Amino acid sequence: MKKKVLSALLIAAMALSMTACGSGNGDSGSSGGDSAPVSDDAEDTEDAEDAEPAGDADSGDLITVGYAQVGAESDWRTANTESFKSTFTEENGYKLIFDDAQQKQENQIKAIRSFIQQEVDYIVVAPVVETGWETVLEEAKEAGIPVILSDRMMDVSDDSLFEAWVGGNFVQEGETCGDWIAEYLEDQGRGDEEINMVTIQGTIGASAQVGRTEGMANKLKEHSNWKMLDMQSGEFTQAKGQEVMESFLKSYDDIDVVICENDNEAFGAIDAIKAAGKSCGPDGDIIVVSFDSVKAAFESMIAGDLNATFECNPLHGPRVAEIIQKLEAGESVDKIQYVDESYFDTSMDLESILEERAY
Ligand code: GZL
């Protein structure tokens, strides 16, 4: 909206300067070298206000942010959305236009095009998958609208198409998970045992899936006694996670470890394990680990079902607002900005930690 006010001012100022050029200085009215600079005196501004109103003047001073969110597939996503909605408020100087793409790239692309038509000041995207964004990012660049990426990454040939990316280090998350499994098995006296694993992956092509799978693969190379029996996508949802685990249990008799690429998939996998008459968690047959570290994951560990969860901080709102403020002030911003992350397991004082958790 701020953008529209600015363009109205520019139109009015140019009209004013062209009138000035046409009267008395013999100029043909060309606004070439003679056009007056955009003046900020009251007269110009009054003329600007006479120009086509640029929408609700009250929102003229707000920074309008178009936010193309993936969907509402998980507890993590809910927390991530809430972080943006509680940051980009009118009292904080923003007008947020929010779009839930229901995990469909075509919906996100439509949303970005709509933001361009609305002439927002900034576009923020949490891209559902990494590829297929060049064209629409070029359109945003053409329109002069800066794009900021949150959460997942885009794979583009020209990284000037976005200003910055804020998110988790997914490969690191996967490697931390692998190291934790090695230490846990060692502590159980199973360090040299043949270990059968399965992975319930996230949405295929999403940065979180790509990175977590890669990080865990790096650790598999370090343990010749580990065997990854199978990997299938659970789409980061609980329902699909349960479905995939049911199929794994039918295919494989001896699964020792299940790696779920988000907490909600783990909740589904745990339901499937119990329905099959098996047990999981620190005292069970099957070790279950996951990613995100949402509150429900703490409750699952406290209940003795989940062994560990590897954090992926969803609170990107304040970080993106900080980037926008810097851009507004004409300052440069770091292209890649990782959020702080940790992990949690049943050896910790989970009840106390849970009390302090923001998500
Ligand atoms: C991670 C994010 C993933 C979460 C899932 O940054 O992209 O998507 O791990 C969410 O819970 O669905």
Side-chain angles (χ1 to χ4, degrees), residues 67-84 100-105 107-108 124-131 133 148-155 164-177 199-216 231-242 244 258-270 288-300 306 308-320 336-344 357-359:
Y67 175 38
Q69 176 59 294
V70 167
E73 74 282 0
S74 65
D75 293 30
W76 186 97
R77 188 65 56 197
T78 303
N80 182 242
T81 293
E82 179 47 37
S83 175
F84 277 87
D100 171 341
Q102 296 169 352
Q103 287 191 279
K104 292 183 176 65
Q105 181 173 31
N107 289 347
Q108 286 196 299
V124 180
V125 189
V128 60
V129 291
E130 293 191 336
T131 55
W133 302 99
I148 297 166
L149 305 185
S150 158
D151 173 16
R152 302 176 187 176
M153 179 52 88
M154 287 182 181
D155 179 10
W165 170 86
V166 176
N169 186 333
F170 305 119
V171 174
Q172 182 61 60
E173 290 171 12
E175 292 181 346
T176 303
C177 175
T199 299
I200 303 177
Q201 293 178 291
T203 302
I204 299 301
S207 305
Q209 174 277 308
V210 172
R212 289 166 187 166
T213 299
E214 180 185 331
M216 192 57 214
M231 295 199 286
Q232 279 180 43
S233 175
E235 296 297 340
F236 287 130
T237 68
Q238 181 165 339
K240 188 76 176 151
Q242 179 168 349
V244 169
V258 183
I259 296 147
C260 304
E261 291 190 347
N262 86 327
D263 291 335
N264 291 79
E265 291 175 342
F267 306 151
I270 289 164
V288 181
V289 298
S290 63
F291 295 84
D292 283 351
S293 305
V294 297
K295 286 181 177 173
F298 282 78
E299 288 154 8
S300 181
L306 183 66
T309 177
F310 298 85
E311 187 177 36
C312 179
N313 186 331
L315 307 181
H316 300 169
R319 296 291 295 272
V320 172
I336 300 296
Q337 303 194 23
Y338 290 119
V339 290
D340 298 333
E341 299 177 317
S342 182
Y343 71 87
F344 305 93
R357 294 289 290 171
Y359 59 90

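Numbers here simply count residues along the sequence, with the first being 1. No hydrogens, no waters, no symmetry mates; every other heavy atom, side chains included, goes into these values. We count ligands from 1, going down the list as the structure has it; atoms in each ligand are counted the same way. Small disclaimer: the values here were computed from a predicted structure and weren't measured.
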Does one side chain, of Asp340 or Asn313, offer a donor that lies under 3.5 Å from an acceptor on the other? no

If the test is side-chain contact (heavy atoms from CB on, under 4.5 Å), which one of Met154, Arg212, Glu130 qualifies with Ser207? Glu130

Counting each atom of ligand 1 from 1 as listed, which ones have a heavy atom of Asn262 under 4.0 Å away? 5 (C), 9 (O), 11 (O)

Just say parallel, tilted or perpendicular for the rings of Trp76 and His316, cut-offs at 30° and 60°. perpendicular

Ligand 1-proximal atoms of Glu265, by part, heavy-atom distance under 4.0 Å: neither

For atom 6 (O) of ligand 1, find the nearest protein heavy atom and state the residue, atom name and distance (0.1 Å precision). Asp151 OD1, 2.4 Å

Find all atoms of ligand 1 within a distance of less than 4.0 Å from any non-hydrogen atom belonging to Cys312, and give their numbers and elements. 1 (C), 6 (O)

Nearest-0.5 Å distance that lies between atom SG in Cys312 and atom CD in Glu173: 4.5 Å

Proximal ligand 1 atoms for Ala208, defined as those under 4.0 Å from one of its heavy atoms: 1 (C), 7 (O)

To the nearest 0.5 Å, what is the distance between CG on Asp151 and CZ on Arg77? 4.5 Å

Considering heavy atoms of the protein only, find what lies nearest to atom 12 (O) of ligand 1 and give residue, atom and distance to 0.1 Å. Glu73 OE2, 2.4 Å

Nearest protein heavy-atom contact for atom 8 (O) of ligand 1: which residue, which atom, what distance? Arg152 NH2, 2.7 Å

Under 3.5 Å side-chain donor-acceptor pair for Thr213 and Glu261: yes

Does ligand 1 have an atom that lies less than 4.0 angstrom from a heavy atom of Ala206? no

Does Trp76, backbone or side chain, put an N or O under 3.5 Å from an N or O of ligand 1? no

Any side-chain to backbone donor/acceptor pair from Gln108 onto Val128? Under 3.5 Å, distance only. yes

Tell me, please: is Glu341 in heavy-atom contact with ligand 1, that is, under 4.0 Å? no

Which bit of Phe170 is near ligand 1, meaning a heavy atom under 4.0 Å away: side chain, backbone, both or neither? side chain

Just to verify, what does Arg152 make a salt bridge (Lys or Arg N to Asp or Glu O under 4.0 Å) with, not counting sequence neighbours? Glu73

Does any donor atom in the side chain of Thr131 or Asp155 lie under 3.5 Å from an acceptor atom in the other side chain? no

Note the single closest protein heavy atom to atom 4 (C) of ligand 1, along with its residue, its atom name and the distance in Å. Asp292 OD1, 3.3 Å

Enumerated ligand 1 atoms positioned under 4.0 Å from heavy atoms of Ser74: 5 (C), 10 (C), 11 (O), 12 (O)

